[in-house]
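Both ligands and their constituent atoms are indexed starting at 1 by order of listing. Values below: every heavy atom of this structure, side chains too, minus hydrogens, waters and symmetry copies.
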Amino acid sequence: MVLKYSVPREHINLQGGWPTPRLHPAAALEQASARLFSGPDIQQLLRYGPGQGVPALRENLAAWLTEEYQPSAGPISPDRVLVTNGASNGLATILQKFADPGYTRTIWMVEPAYHLAAPIFRDAGFAGRIRGVPEGEAGVDFEYLRAALREVERDLVLFGGGPPPGKSPENGYPKIYRHVLYMVPTFSNPSGRTMSLNDRTELVRIAREFDVLLVTDDVYDVLRWCPETDCGCFGTGAHLASPPRLVDVDRLLPGQAPFGHAVSNGSFSKIVAPGVRVGWMEGTPDFAKTLARVGATSSGGNQAHLASLIIGQLLASGDLQRHLRQVLIPTYRARYYAMVAAIRQLLYPLGVRIVGDDGLTGTSTSAQPAGGFFLYVLFPADGTLPHAAEIQRVALEEFNLRIAPGGLFSVADDGDDGASESRMARRPRAFVNGARLCWAWHEEGELVEGIERLAEALKTARSRRTVLPGRCER
Ligand SMILES: Cc1ncc(COP(=O)(O)O)c(C=O)c1O
């Protein structure tokens, strides 16, 4: 590695989406475990637990979710909630019970996509049948989605068009969806965007029309703050209310099917610690009950039993809520402000833009709340810079800085044999010429230094670039 500096500097990683270890509530977890093990019935902790999760915990979870989301359709009942061992395995479980490669036509991923969900779809038998749907300004490019759904329905004939050979209601699979659409609609990983209410509503309508299961990783929702440093709302303004999740919209719109067309996949990885491997899902009561009967849960009960009880203690004591309000949100908010300010000062003059930045003053990048772990920058497409993968290489090898280049978030399976040429021609790819940047791992000063190094990397890459007059290479 040839570093630009005579004294090699500390590595800065703006790629990884992990919380700084000092933010893990280790002491609160230790106390929660101690309280549990000093209780009257230790054996209850150590036995297999109920498939859907311990009822008292689901009650607490449902009450907390009701408080966070305040759904217009009314309080969330515990029978809508299932305890999982994290969002990743939650997704795998959904596919085990509600999808079948012999019947489910296509897995759609809003693109740029959370790249680590794709292997979960491939494991479930959908390799080569995963397609991207462009994100659009406010959520999803509906024209594209409708046309692509119609195309697949017209062209893809599975097993002669007959019933699925494997999973049937008689052998424990009461509902198999024709399509699955995966997305992170709030504070998206990777784009940082939040889908508008209009788009959420339209998506539920399309899902009902085409029998699509909408799977939303809602793992960043509660990490939200005001994008304006000088707003004066102190984090409590009405403009910071959580948007209804797709699962809320599905519940609210008249005519919901028994299994519904949306499931919310949540996780404590981002708001407690990734190692606890506990999450939850919310769907209709039929959906949640059926998920609790997936094979690996039938054999042995809930997959996160003991760890979920520790998290349950955090919820019941209010430690989790306090940790969110007093530690995580203030820390991430300050880091976000620092990072956005540094990008505006150092990268904007080089032609870089933050996705969703509407040019408001202050640190605001949008009229909506800011939150989550990530923002996304686009590099200028004027031919003066090499491609994002090369920028990433220069940043890493010469400035000891890691960024996540846009190509990582492209749906790799899309474009394989069978993708229609006209659809591929309509698929916008501007995001590939950008990068995702994360503020969860480093402290403010390191984030600013990371942006300084990125500015240096861009200048270095630009200085080596020879562009023939009048020629743009993109
Ligand atoms: C969108 C999204 N879903 C899921 C996960 C992983 O969640 P879990 O640790 O609960 O499996 C992540 C972690 O980066 C994520 O960003």
Side-chain angles (χ1 to χ4, degrees), residues 13-21 23-24 29 53 61 65 81-96 107-124 130 132-133 135 139 180-195 214-224 245-247 262-282 291 294 296 302-304 307-308 310-311 314 320 328 332 371-376 402-404 408-411 431 435-441:
N13 187 341
L14 302 184
Q15 169 164 352
W18 297 13
T20 323
L23 298 176
H24 299 157
L29 282 165
L61 252 174
L65 292 171
V81 176
L82 170 95
V83 174
T84 69
N85 56 358
S88 308
N89 198 56
L91 178 57
T93 307
I94 291 169
L95 300 172
Q96 285 159 15
I107 305 289
W108 305 92
M109 297 181 82
V110 172
E111 192 183 37
Y114 171 52
H115 56 304
L116 297 178
I120 302 173
F121 294 124
R122 291 190 203 112
D123 284 352
I130 312 171
V133 179
E135 187 170 59
V180 172
L181 171 51
Y182 168 88
M183 76 212 92
V184 187
T186 301
F187 310 134
S188 168
N189 178 3
S191 76
R193 281 190 197 277
T194 292
M195 188 182 290
L214 305 169
V215 181
T216 64
D217 269 5
D218 294 326
V219 301
Y220 299 104
D221 287 21
V222 300
L223 294 171
R224 50 196 303 111
R245 296 161 302 170
L246 280 104
V247 80
V263 54
S264 172
N265 197 11
S267 174
F268 291 101
S269 287
K270 311 297 170 185
I271 56 178
V272 176
V276 299
R277 304 292 308 141
V278 180
W280 70 90
M281 275 195 266
E282 189 194 327
L291 267 182
V294 74
N302 189 274
Q303 298 181 38
S308 75
I310 298 172
I311 297 292
L314 285 192
L320 173 70
L328 295 184
Y332 291 144
F373 274 18
F374 306 105
L375 58 75
Y376 203 92
R402 189 177 285 280
I403 58 170
L408 198 61
F409 309 108
S410 175
V411 177
F431 72 87
R436 184 192 74 181
L437 306 177
C438 175
W439 55 75
W441 181 256

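Within the 4.5 Å cutoff, no side-chain heavy atoms of V247 are placed close to those of T216. With a 4.5 Å cut-off on side-chain heavy atoms, I130 and Y182 do not count as touching. Using a 4.5 Å heavy-atom cutoff, the side chains of V278 and T84 are not in contact.
Of all atoms in ligand 1, numbered sequentially from 1 with element shown, those under 4.0 Å from a heavy atom of S267 are 8 (P), 10 (O). Per-residue contacts place D217 under 4.0 angstrom from the following atoms of ligand 1 (heavy atoms of the residue considered): 1 (C), 2 (C), 3 (N), 4 (C). Taking every heavy atom of A87 and a limit of under 4.0 angstrom, the matching atoms of ligand 1 come to 4 (C), 7 (O), 8 (P), 10 (O), 11 (O). Interface of S88 with ligand 1, defined as ligand atoms under 4.0 Å from a residue heavy atom, comprises 6 (C), 7 (O), 8 (P), 11 (O). Of all the atoms in ligand 1, the ones that sit under 4.0 Å from a non-hydrogen atom of V184 are 1 (C). If you number the atoms of ligand 1 from 1 as listed, the ones under 4.0 Å from a heavy atom of N189 come out as 15 (C), 16 (O). Annotation for ligand 1: atoms under 4.0 Å from non-hydrogen atoms of K270 are 12 (C), 13 (C), 14 (O).
Considering backbone and side-chain atoms alike, N89 places every N or O at 3.5 Å or more from each N or O of ligand 1. Residue-to-ligand polar distances keep G86 apart from ligand 1: every N/O pair is separated by 3.5 Å or more.
Side chain of K270 to backbone of G372: no donor-acceptor contact under 3.5 angstrom is found.
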E135 and S191: CA distance, side-chain angles, deciding distance, side chain to side chain donor-acceptor pair (under 3.5 Å) verdict: CA-CA 9 Å; E135 187 170 59; S191 76; 2.9 Å; yes
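A donor atom on one side chain and an acceptor atom on the other are found under 3.5 Å apart for N189 and R436.
Ring orientation note: the planes of W18 and W441 are nearly perpendicular, at an angle over 60° on the 30°/60° scale.
Among all non-hydrogen protein atoms, the one lying nearest atom 12 (C) of ligand 1 is Y114 OH, 3.4 Å.
Remark: aromatic rings of F374 and F187 are distant, center separation not under 6.0 Å.
For Y220, every heavy-atom contact with ligand 1 shorter than 4.0 Å involves the side chain, none the backbone. At a heavy-atom cutoff of 4.0 Å, ligand 1 is contacted by the side chain of S269 but not by its backbone.
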